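Okay, so here's the structure we're looking at.
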Amino acid sequence: MSELPKNYEAAGVEAKWYAKWLEEKAFNAQPDPKKEPWTIVIPPPNVTGILHMGHALNNTIQDVLIRWQRMQGKNALWVPGTDHAGIATQNVVERKLAKEGKSRHDLSRDEFLKEVWAWKEEYGSTIVNQLKKLGSSCDWDRERFTMDEGLSKAVHEVFCRLYDKGLIYRGNRIINWCSRCTTALSDEESEHVETEGALYYIRYAVKDEKRKITVATTRPETMLGDVAVAVSPRDKRYADLVGKTLILPILGREIPVVADEFVDPNFGTGCVKVTPAHDPNDFEIGLRHKLEPINVMTDHGIMNEAAGTYAGMDRFECRKQLIEDLKHGGLIEKIDKHMHSVGHCYRCSTVVEPRLSPQWFVNMKPLAKPAIEAVRDGRIKFVPERWTKVYLDWMENIRDWCISRQIWWGHRIPVFYCDACSHQWAAREVPGSCPVCGVKDIRQDEDVLDTWFSSWLWPFSVFGWPEQTADLKHFYPTNTIATAPEILFFWVARMIMAGLEFMDEIPFDTVYFHGTVRDDQGRKMSKSLGNSIDPLGIIEKYSADALRFSLMMLTATGQDVYVNDEKFELGRNFCTKIWNAARFMQMNASCEGPLDPEKIDFSKMTLSPDDQHILAKLSEAVRNTEDNLARHRFNDAALAMYDFMWHHYCDWYVEYSKGVFRGGDMQRKMEVEQVMHYVFSNAIRLLHPFIPFITEELWHGMGYNISSDSIQTAPWPKALSYEDLNVWGVQRETVDYVDAKHDLIRVGRTLRTDYNLTPKQQAKFYIRPAQERTGKILHKDVASVALLLGAESIEIDRDFTPDGTMPSGISQLGTVYMSIEGLVNTAAEIAKLKKQIEVVENGITGISKKLSNANFVSRAPADVVAGEEKRKGELLEKREKLQKLIETLST
RNA sequence: GGGCGUUUAGCUCAGUUGGUUAGAGCGCUACCUUCACACGGUAGAAGUCACAGGUUCGAGUCCUGUAACGCCCACCA
């Protein structure tokens, strides 16, 4: 035990312990058949990522869970890693190249990939290091990267299995195209944003007639790719037009009028332009009517040669120009404002272009089926539960997953083509020749896979799958996955499908969805808004423990978390409070040598009521904390500990102990000291998962590191029942008495405040106990009451008759009277008592009304009725006492 | 268009199977630099539980409807 410095220096302490933990491999776990495994796999942050508050929240939750399980003796493993984040990372490196005046096309594919790997080597560990600052107890020896050799092997294996099963196919379909990233996106990667656009009404002429019909569109530039106009087969207005020919404005192309069920005659004009290459519905119409799609744009969203004179224009520039030209020709009927949701690239926010394109897809329906079952039958639980429905709705309407991306950074699609014999096949390893005709000149598909095609395998690929490793056998399935609801579809749903398909087993049993971290105005934190709070800044300013504890106090299950800088003072202040409580104990230490908290035994001691009380409250706090942790109620768990440490231990027990330490009873001092060390050492163990650094520092600083060198390996506190506590002589009755004593002290303190007594002014108090028995107990306990009350002296007397001017207050244990020289304020005292009577009377009226209600008496449960009756009796008694007091004062 | 969430003190939020007088943190008021802690202590003020109905002996809590804000999903041009 070394003397604790007056101020806690978080930065140095945190760095010191994290380094020590790493050195001692405190977070490492190996398969061990004797121990129960408990596993979390991290949602791998992007290698391009820097730690934001969302990460801080997400990882604090995981760390609390894993440290808790580890302390309980489980074989706890938290597997860390990062995601290669295909598009995001490629964008970062492309921007870097752009600064050097280069594009990736100035480099060969291999050269470019070398650049990306070099970037990854240099910056890829940024977020990992930041996670360490937070205190994350990951097994860093197991750190994985989604493009590692092992994980790539898993990707290839999965691709080949699905390909051979026929669940992966290549199709020419309308996909979401980002013309800035020049790649296809999955449906999930296209973010719909409600946008004010326009609905343009354009006139198309009927061939050889004077008639014109009007079509409405939000994307007029796509008319250059129109191949027909569709009307509803039930629409009488246009019945005679079906089969006739229209002249497409500007281009003058002849296009037919077709009848199709898709058209809603009540929307717009009832005529729909059909552009099969740029709209999914139109594509379907095109198929039904055997119309050849015309693509009018390049990969970069530039109009192509099919756009005639508009070729070379950007799509939005073209839109503007085209509308101008149509206006000139008198072909615009009107332009209406129109709200609609428009897809945007989730990586660069560019407006997504629906576009016909040959891509690779996974047929998801067969994979979804068992994944729906696993959640429906409760093998996998969602917390909060409401996400179950969101999941099931999506899964039941699941659509095929577009997995090919036209970028270079990622897992290259393991499909090979032989041009000699037109053979196409998927292979786990790059083949040397065509397995059919033996030709060596084969080529691999140019595209790479969606990033999520590697992350959906994460819970088993990190353990070496497809090899049947010991790790995999021991640690899979994992237990809890903690994540934000934003990636329910991207990641969680797909992991469940992959786990069941490839492991034949769920990947985890619990999914905990936490909220989004927002600023104090409720806005999502984002770089563009500039409202982000940097967790590292908070760590620097307040400490990692403060950051963690504050976040946990603020995290109601599944609710969004609103933060500003000041919110983190909560955790900082709490840490300071704990620190000072420890210093207090050191300053009053009388035992020589350190105390082993695991060897403290109270069975041979006579515990005072306050000793018994704090021991009982500790067990209550342990129970509350565990219950709440088990239910993922992190805020309630944090609050239970906070309340115990601050409002029970510091406010009452430490204050009580001062009386003992200032007295001369050496035996008592030793006893109280042992109670303090027992309680404090258990409390910091309980707190360790939340605030790992300061608790480890105190574990050592207080000299508790005798049986367990680290707090991490110390036994987890036990929630003792009264039966257990009785071994030490703890009685429930006595504990209740101390609660009542606290109440009595509060009543006395209120009197002091009401009469403006300064702490130095000592008043004389008289207590008239409500019962003979309590009188006797109070007598024995009078010293502690006097100290906590700041009383000069206390007289306890069943027959005490107050002087008419004495202010008084009523508590459960008895009536408290205060006497101080020259203190006369009868009028104020009477007014105060009258106010109290009013409150009591309100209560009596309420209860009387209830009790006189025959329905209540007959229908409410007996114990509720009895409780009400008891309560009424108490209130009546209290009213009587108050009235008597008023009478005494009035005479 | 469909679904979900939120609405409780000045602010941010708890409030579990319906049951005493609805709680916390911050802020506010008064007093206190007392010997662990002013990042502190003691005491206190502060609420029409969004609104309207209903169920019930009893509703912040359950049901129906309304409103506001937020989120997710969706191929009506």
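Just so we're clear, the structure is a prediction, and the values are computed from it rather than from any experiment. Each chain gets a letter, A, B and so on, in the order its sequence line appears, and its residues count up from 1.
Between A:Asp336 atom CG and B:A77 atom P the separation is 13 Å, expressed in whole Å. Whole-Å rounding puts the A:Leu570 CG to B:C39 P distance at 15 Å. Between the P atom of B:G40 and the NE2 atom of A:His647 lies a distance of 11 Å, rounded to the nearest Å. We find that NZ of A:Lys273 is positioned 14 Å from C1' of B:C75, with the value rounded to whole Å. Taking atom CZ on A:Phe549 and atom P on B:C39, their separation rounds to 19 Å, with Å as the unit. Summarising the geometry, the separation between CH2 on A:Trp652 and P on B:C37 is reported as 20 Å, rounded to the nearest angstrom. For the pair A:Met552 CE and B:A14 C1', the interatomic distance rounds to 15 Å; values are reported in whole Å. Between A:Asp754 atom CG and B:C32 atom C1' there is a gap of 16 Å when expressed in whole angstrom units.
The side chain of A:Phe489 approaches B:C72 more closely than any other nucleotide in the set B:U12, B:C72, B:A36. For A:Asp264, the listed nucleotide lying nearest its side chain is B:C76; candidates were B:C39, B:C76, B:U42. With B:C37, B:A14, B:C72 as the candidates, the nucleotide lying closest to the side chain of A:Lys577 is B:C37. Across B:A36, B:U16, B:A43, the shortest atom-to-atom separation from the side chain of A:Arg746 is found for B:A43. Listed candidates were B:A38, B:G40, B:A43. Nearest to the side chain of A:Lys6 is B:A38. The side chain of A:Arg662 approaches B:C35 more closely than any other nucleotide in the set B:A77, B:C39, B:C35. Comparing B:G41, B:G25, B:C35 by their closest approach to the side chain of A:Asp651 singles out B:G41. Here B:G5 is the nucleotide among B:G5, B:A43, B:C37 with the atom lying nearest to any side-chain atom of A:Arg386. Here B:C75 is the nucleotide among B:C75, B:A36, B:C37 with the atom lying nearest to any side-chain atom of A:Asn281. Looking at the side chain of A:Arg399, the nearest of the listed nucleotides B:A36, B:C39, B:A74 is B:A74.
When heavy atoms are screened at a 4.0 angstrom cut-off, A:Val390 is found touching no nucleic acid atom at all. Using a 4.0 Å heavy-atom criterion, one finds that A:Cys650 contacts the bases of the nucleic acid, with or without backbone contacts as well. In this structure, A:Val263 reaches the bases: a heavy-atom distance under 4.0 Å links it to at least one base atom across the strands shown. Residue A:Val654 is in base contact, counting any heavy-atom pair closer than 4.0 Å across all strands shown. Across all strands, A:Thr576 comes closer than 4.0 Å to base atoms (heavy-atom distances). Among the atoms of the strands shown, base atoms are found under 4.0 Å from some heavy atom of A:Glu655. As judged by a 4.0 angstrom heavy-atom cut-off over every strand, A:Asp643 is placed among residues making no nucleic acid contact.
For B:C11, the OP1/OP2 oxygens have no side-chain nitrogen or oxygen of A:Lys567 closer than 4.0 Å. For the pair A:Asn573 and B:G40, the criterion of a side-chain N or O lying under 4.0 Å from OP1 or OP2 is met. Put simply, A:Arg572 has no side-chain N or O that comes within less than 4.0 Å of OP1 or OP2 on B:C39. The side chain of A:Thr750 contributes an N or O atom lying less than 4.0 Å from OP1 or OP2 of B:G44.
Using a 4.0 Å cut-off between charged nitrogen and carboxylate oxygen, A:Glu3 and A:Arg583 do not count as a salt-bridge pair. With salt bridges taken as basic N to acidic carboxylate O contacts below 4.0 Å, none links A:Arg288 and A:Glu261. Ion pairing of A:Arg399 with A:Glu188 is absent here, as no side-chain N (NZ or NE/NH1/NH2) approaches a carboxylate O to less than 4.0 Å. The pair A:Lys658-A:Glu655 meets the salt-bridge criterion, since a charged nitrogen lies less than 4.0 angstrom from a carboxylate oxygen.
Using atom C1' as the reference point in both B:C71 and B:C75, the two lie 22 Å apart (nearest Å). Rounded to a whole angstrom, the distance from the P atom of B:C4 to that of B:A9 is 26 Å. Comparing B:A45 with B:C51, their C1' atoms are spaced 28 Å from each other, to the whole Å. B:C11 and B:U64 are spaced 33 Å apart, taking the C1' atom of each and rounding to whole Å. Taking atom C1' on both nucleotides, B:U56 is separated from B:C62 by 10 Å, rounded to a whole Å. Distance check on atom P: B:U12 versus B:A50 gives 15 Å, rounded to whole Å. Atom name C1', nucleotides B:U20 and B:G60: the rounded distance is 16 Å, in whole Å. For the P atoms, the distance from B:G5 to B:U29 is 40 Å, rounded to whole Å.
With hydrogens and angles left out, the side chain of A:Ser341 and the base of B:A74 share a donor-acceptor pair within 3.5 Å.
Using cut-offs of 30° and 60° on the angle between ring planes, the pair A:Phe680 and A:Tyr649 is tilted. Taking the six-membered ring where the residue is Trp, A:His338 and A:Phe267 present perpendicular rings, their angle passing 60° and hence far from 30°.
In this structure, B:G47 forms no base pair with any nucleotide, since neither Watson-Crick nor G-U wobble geometry is met with both distances under 3.5 Å. When both pairing distances are held under 3.5 Å, B:C71 makes a Watson-Crick or G-U pair with B:G3. Judged by Watson-Crick or G-U wobble contacts below 3.5 Å, the nucleotide B:A14 has no partner. Pair assignment for B:A77: none, as no Watson-Crick or G-U wobble contacts are both less than 3.5 Å. Nucleotide B:U42 forms a Watson-Crick or G-U wobble pair with B:A30, both donor-acceptor distances falling under 3.5 Å. B:A59 is unpaired under the criterion used here, namely a Watson-Crick or G-U wobble arrangement in which both key atom distances are under 3.5 Å. Across all strands shown, B:U64 forms a Watson-Crick or G-U wobble pair with B:A52, both key distances being under 3.5 Å.
Defined by atom type and a distance below 3.5 Å, a donor-acceptor pair is missing between the side-chain atoms of A:Asp565 and A:Tyr542. A donor-acceptor contact under 3.5 angstrom links the side chains of A:Thr222 and A:Lys273, judged on distance only.
Comparing A:Tyr642 and A:Ala582, the nucleotide of RNA chain B nearest to each residue sits closer to the 5' end for A:Tyr642.
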Intermediate values then yes/no, side chain to side chain contact (heavy atoms under 4.5 Å, CB included), A:Leu199 and A:Tyr201: CA-CA 7 Å; A:Leu199 199 52; A:Tyr201 290 79; 3.6 Å; yes
